[in-house]
Amino acid sequence: MKKHLFIFSIVLALMCPSISFAENNTILSMEELTIQVMPEFAYHPSDQKKDHAPLLIGYQGSMVNNSDQPQKGQIEIPLPMGEKNFRIGYVADYSADLQKAYEIEYIIDRDKGTISWTTSEEIAPKERYKFVIEFYTDSLKVNKEKKTLSYQFKSFTDIGLVNVTFTQPSKAKKMKLTPAPEEKQNHADGDNTFSYLFQNVKAGEEKNFTLTYERSETKPTTELTNNKNSEKQEKKENKISTSLALGAFCGVSVLSLGALTILIRNRKK
């Protein structure tokens with residue numbers, strides 16, 4: 001089954017009835033959307049049985065208020081809730097100065113297949129509004145040590161920049177992506193991230209990817225990283241060696257700090 005990540009609309013609920021973003025994108029336009037695909041990265045916090053290969057997906061979005069009035073209202077985004085064992089992990093938005101992350105109380109509509117929330121702050125004219133959504137599924141196909149994922153993204157509106165990244169699980173071998181990525185990033189903790197950048201993506205445009213790799217290790221990347229960090233901390237106290245540890249220390253999600261870094265980097269581009 002393909003991994004469908006469709007975002008059909010963003011709804012801005014003001015003092016008047018809800019307005020469809022797809023029909024009124026002059027109010028809020030999607031400047032950037034980063035999608036992080038992280039196989040066997042972490043289990044959902046509520047997982048008691050850890051005998052499956054988890055998949056964590058992150059959306060990191062940046063929208064711009066194109067109107068001449070401050071906006072505060074409801075954002076509604078469809079998610080692939082029909083995927084096997086779909087669960088929300090974390091939802092947050094950021095203050096205008098990016099100094100605060102607000103964990104959001106959200107509403108799930110299973111019939112519509114959407115998640116919605118109210119913006120934590122007003123979005124000033126020409127100001128950017130940033131959010132992050134994390135969710136988990138069991139969409140990885142497993143054949144002994146071989147793991148396969150078919151992933152599809154269909155754009156819900158015109159987007160200035162779409163960044164799709166795949167993170168290689170710790171101790172994974174023979175990882176292959178189709179089509180072949182143009183950009184590969186090596187991180188200090190040894191993980192590899194493969195990135196695809198698409199500019200001026202039009203509504204309805206589709207991007208398809210196939211991921212395969214081999215991995216005999218059953219522990220997720222975060223558990224291996226935490227064990228490694230614990231060993232380092234025994235040697236040197238109060239040292240935080242990874243962004244993941246920093247995220248845990250700050251009480252935010254595993255993506256939040258990365259979201260800010262990627263969004264700022266893309267703004268500079």
- May I ask you to test the Ile115-Ile88 pair for a side-chain heavy-atom distance under 4.5 Å? yes

- Counting only N and O atoms by type, is there a donor-acceptor contact under 3.5 Å from the side chain of Arg215 to the main-chain atoms of Ser170? yes

- Note on the structure: In short, Pro181 meets Ser195 closest at the heavy-atom pair CB-O, 3.9 Å

- Message: Do Asp47 and His52 make a side-chain contact, defined as non-hydrogen atoms from C-beta onward lying under 4.5 Å apart?
- Response: yes

- Heavy-atom side-chain contact between Arg110 and Met81 under 4.5 Å: yes

- Message: Are the side chains of Lys146 and Tyr213 in contact, using a 4.5 Å heavy-atom criterion?
- Response: no

- Task: For Tyr90 and Phe135, indicate whether the former's side chain and the latter's backbone hold a donor-acceptor pair under 3.5 Å.
- Result: no

- Stepwise side-chain hydrogen bond (donor to acceptor under 3.5 Å, both in side chains) test for Ser155 and Glu205: CA-CA 5 Å; Ser155 184; Glu205 191 172 340; over 6 Å; no

- Query: Judged by modelled atom types alone, do Thr114 and Asp109 share a side-chain donor-acceptor pair under 3.5 Å?
  - Reply: no

- Message: What's the separation between atom CD in Glu76 and atom OG1 in Thr118, rounded to the nearest 0.5 Å?
- Response: 11.0 Å

- Query: Looking at Asn65, Asp93, Thr119, which hits side-chain hydrogen bond (donor to acceptor under 3.5 Å, both in side chains) with Tyr129?
  - Reply: Asp93

- Query: Is it true that Glu31 and Arg128 have a side-chain N and a carboxylate O under 4.0 angstrom from each other?
  - Reply: yes

- Ion pair present between Lys147 and Glu40, side-chain N to carboxylate O less than 4.0 angstrom? yes

- Please confirm whether the backbone N or O of Lys100 pairs with a side-chain atom of Ser95, one donor and one acceptor, at under 3.5 Å? yes

- Item | Any side-chain heavy-atom pair of Thr222 and Phe41 under 4.5 Å | yes

- Message: Check whether Phe198 forms a cation-pi arrangement with Lys207 (NZ or CZ under 6.0 Å from the six-membered ring centre, at most 45° off the ring normal).
- Response: yes

- Message: Under 4.0 Å between a side-chain nitrogen and a carboxylate oxygen: does that hold for Glu122 and Lys72?
- Response: no

- Say you draw a straight line from CG of Leu211 to NZ of Lys141; how long is it, rounded to the nearest 0.5 Å? 13.0 Å

- Task: State, yes or no, whether a side-chain contact exists between Leu197 and Val162 at a heavy-atom distance under 4.5 Å.
- Result: no

- Query: Going hydrophobic residue to hydrophobic residue with side-chain gaps under 4.5 angstrom, can you get from Ile133 over to Phe86?
  - Reply: yes

- Query: Applying the 4.5 Å side-chain criterion to the ILVMFWY set and letting contacts propagate, would Val142 and Leu55 be lumped into a single cluster?
  - Reply: no

- Report the C-alpha distance between Phe166 and Phe209 in whole Å, list the side-chain angles of each, state the deciding distance to 0.1 Å, and finish with yes or no for ring pair (Phe, Tyr, Trp, His ring centres under 6.0 Å). CA-CA 10 Å; Phe166 291 80; Phe209 311 89; 5.5 Å; yes

- Note on the structure: Interatomic distance, OG1@Thr165 vs CD@Gln36, rounded to 0.5 Å, equals 4.0 Å

- Check whether Ile108 and Ile57 end up in the same hydrophobic cluster, where Ile, Leu, Val, Met, Phe, Trp and Tyr are linked by side-chain heavy atoms less than 4.5 Å apart. yes

- Can you check side chain to side chain contact (heavy atoms under 4.5 Å, CB included) on Phe194 and Gln168, steps first, answer last? CA-CA 8 Å; Phe194 302 84; Gln168 179 173 325; 3.7 Å; yes

- Taking all heavy atoms of Ser139 and all of Glu83, pick out the closest pair and write down the distance. OG-OE1, 3.0 Å

- For Thr221 and Pro169 the tightest heavy-atom approach is OG1-CA, 3.5 Å

- Give the minimum heavy-atom separation between Met63 and Phe131, together with the two atoms involved. CE-CE2, 3.9 Å

- Message: If you apply the rule side chain to side chain contact (heavy atoms under 4.5 Å, CB included), what do you find for Leu33 with Gln60, and how did you get there?
- Response: CA-CA 6 Å; Leu33 181 65; Gln60 300 156 356; over 6 Å; no

- Task: Look up atom OG in Ser120 and atom CD in Glu105, then write down how far apart they are to the nearest 0.5 Å.
- Result: 10.0 Å

- Non-hydrogen side-chain atoms of Leu161 and Ile159 separated by less than 4.5 Å: no

- Message: Please check: side-chain N/O of Lys126 versus main-chain N/O of Val64, any donor-acceptor pairing under 3.5 Å?
- Response: no

- Task: Can you measure from NZ (Lys130) to CD1 (Ile123) and round to the nearest 0.5 angstrom?
- Result: 10.5 Å

- Closest non-hydrogen contact found for Asp138 with Pro54 is OD1-CA, 4.5 Å

- Thr210 side chain vs Thr178 backbone, donor-acceptor pair below 3.5 Å: no

- Message: Rounded to the nearest 0.5 Å, what separates atom NZ in Lys174 from atom CD in Glu214?
- Response: 4.5 Å

- Message: Within the 4.5 Å heavy-atom criterion, are Glu134 and Leu56 side-chain neighbours or not?
- Response: yes

- Shortest non-hydrogen separation from Ala92 to Glu103 and the atoms involved: CB-CA, 4.0 Å

- Item | Co-membership, hydrophobic cluster, residues Leu149 and Met175, 4.5 Å side-chain | yes

- Task: Look at the side chain of His44 and the backbone N and O of Thr137, then say whether any donor-acceptor pair between them is shorter than 3.5 Å.
- Result: no

- Side-chain H-bond candidate by donor/acceptor type, Tyr43 with Glu223, under 3.5 Å: no

- Task: Would you check if the side chain of Tyr196 reaches a backbone N or O of Pro179 as a donor-acceptor pair within less than 3.5 Å?
- Result: yes

